[in-house]
Amino acid sequence: MARLARLCVPGYPHHIIQRGNNRQPICITQADYQHLLVVVREAAARYRVGLHAWVLLPDEFQLILTPPDAQALPLMMQDLGRRHVRHFNATHLRSGTLWEGRYRSTVLDPDDSLLAAMACLDRQPLLRGLAPQPEDYPWSSCASYAGLRSESQLTMPPQIWALGNTPFAREDAYRRLLDDVDVQQRCGQLQQAARQGWVQGSEAFVRTLQQLTGRRLEKKSPGRPRKLPPAPDESNRG
């Protein structure tokens, strides 16, 4: 099924995925990872985009961001994409494109899907066999939320603060979220939604965004549209 045109809704979190062309590496050396992280942080700060979570993988990176306006997100992604391509091509003596087209993204319901999407993002290194536990992977924000590292550049969403009254309680709750069976079962759906542009959230959230944007934002169920039952005949009521 064709992917939806990208949607950017200011003030809401967005799950971003940018892959290497034909799944080619975008980071090979430790210096590559460090450079990509620097340009992600600097671009987010330059365009005042809230950076909630990030993971850098050998052939793609994923981010969860909240833009302040409709232009900030595409400008940020264009900025960091160009800067990393210049570094990568110069370092590895190559030329040409690095990315698999434009980045992919979807809007997340802050209350229904944000924390689950963050946990699924953090589980990607584990699923790929890159780390024994999500918090052990050095190139993600997971260790910061698990209490193993401090990262001032992260913008912690209100949903993280709501996990507990103390840092220890919040960190413990986030570690448990990484192992939550319900969250793990949602990961495939959340990742697919980000790649295809389908909004993730409650029915009320999706309905609100559809009214706001005037476009369909969720995947239709397969098959013919469900027929609604006929309306009751008011004339026969006594």
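Quantities reported herein were computed from a predicted structural model and do not represent experimental measurements.
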Given side chains that start at C-beta, do those of [X] and [Y] come closer than 4.5 Å, heavy atoms only?
X: I26; Y: L98; value: yes
X: T155; Y: T66; value: no
X: R83; Y: R86; value: yes
X: Y137; Y: L57; value: yes
X: D182; Y: Q185; value: yes
X: R48; Y: D69; value: yes
X: M118; Y: P157; value: yes
X: R23; Y: E60; value: yes

Under a 4.0 Å threshold between the charged nitrogen and the carboxylate oxygen, would D112 count as salt-bridged to R186?
yes
Residues R176, D172: salt bridge by 4.0 Å N-O rule:
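Between D172 and R176 there is a salt bridge, with a charged N closer than 4.0 Å to a carboxylate O.
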Taking all heavy atoms of [X] and all of [Y], pick out the closest pair and write down the distance.
X: Y174; Y: A119; value: OH-N, 3.7 Å
X: A146; Y: R175; value: O-NH1, 2.5 Å
X: E135; Y: A143; value: O-CB, 3.8 Å
X: P134; Y: S140; value: O-OG, 4.3 Å
X: A53; Y: S141; value: CA-OG, 3.3 Å
X: S144; Y: L154; value: CB-CD1, 3.7 Å

In Å, rounded to the nearest 0.5 Å, how long is the span from [atom1] of [X] to [atom2] of [Y]?
X: T106; Y: Q196; atom1: OG1; atom2: CD; answer: 10.0 Å
X: L190; Y: R195; atom1: CG; atom2: CZ; answer: 11.0 Å
X: Q191; Y: L127; atom1: CD; atom2: CG; answer: 8.5 Å
X: D59; Y: Q18; atom1: CG; atom2: CD; answer: 11.5 Å
X: L56; Y: L36; atom1: CG; atom2: CG; answer: 4.5 Å
X: R41; Y: Q153; atom1: CZ; atom2: CD; answer: 4.0 Å

With side chain to side chain contact (heavy atoms under 4.5 Å, CB included) as the criterion, how do M76 and I16 come out once you've worked through the C-alpha distance, each side chain's angles and the decisive distance to 0.1 Å?
CA-CA 12 Å; M76 171 190 166; I16 306 295; over 6 Å; no
Return yes if some donor-acceptor pair links the side-chain N/O of S113 with the main-chain N/O of L108 below 3.5 Å, else return no.
no
Can a donor-acceptor pair be found, under 3.5 Å and without considering hydrogens, that links the side chain of W99 to the backbone of G81?
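Here the side-chain-to-backbone pair exists.
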Under 3.5 Å, is there a donor-acceptor pair between the [X] and [Y] side chains?
X: E151; Y: W54; result: yes
X: D111; Y: Q159; result: yes
X: D109; Y: S202; result: yes
X: Y145; Y: D122; result: no

Check the hydrophobic clustering (I, L, V, M, F, W, Y; side-chain heavy atoms under 4.5 Å; chains of links allowed) and say if [X] and [Y] are grouped together.
X: L148; Y: L178; value: no
X: V38; Y: L63; value: no
X: W161; Y: L177; value: yes
X: L126; Y: I17; value: no

Is it true that atom [atom1] of [X] has more than 12 heavy atoms of other residues, nucleotides or ligands lying nearer than 6.0 Å?
X: R94; atom1: CZ; value: yes
X: Y12; atom1: OH; value: no
X: R46; atom1: CZ; value: yes

Under the criterion side chain to side chain contact (heavy atoms under 4.5 Å, CB included), which of Q62, M77, H14, R19 is the partner of Y103?
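Result: among Q62, M77, H14, R19, M77 is the only option passing the side chain to side chain contact (heavy atoms under 4.5 Å, CB included) with Y103.
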Among D180, V183, I160, side chain to side chain contact (heavy atoms under 4.5 Å, CB included) partner for L115:
I160
Verdict with reasoning, Q30 to Q34, per side chain to side chain contact (heavy atoms under 4.5 Å, CB included)
CA-CA 6 Å; Q30 296 293 299; Q34 187 60 50; over 6 Å; no
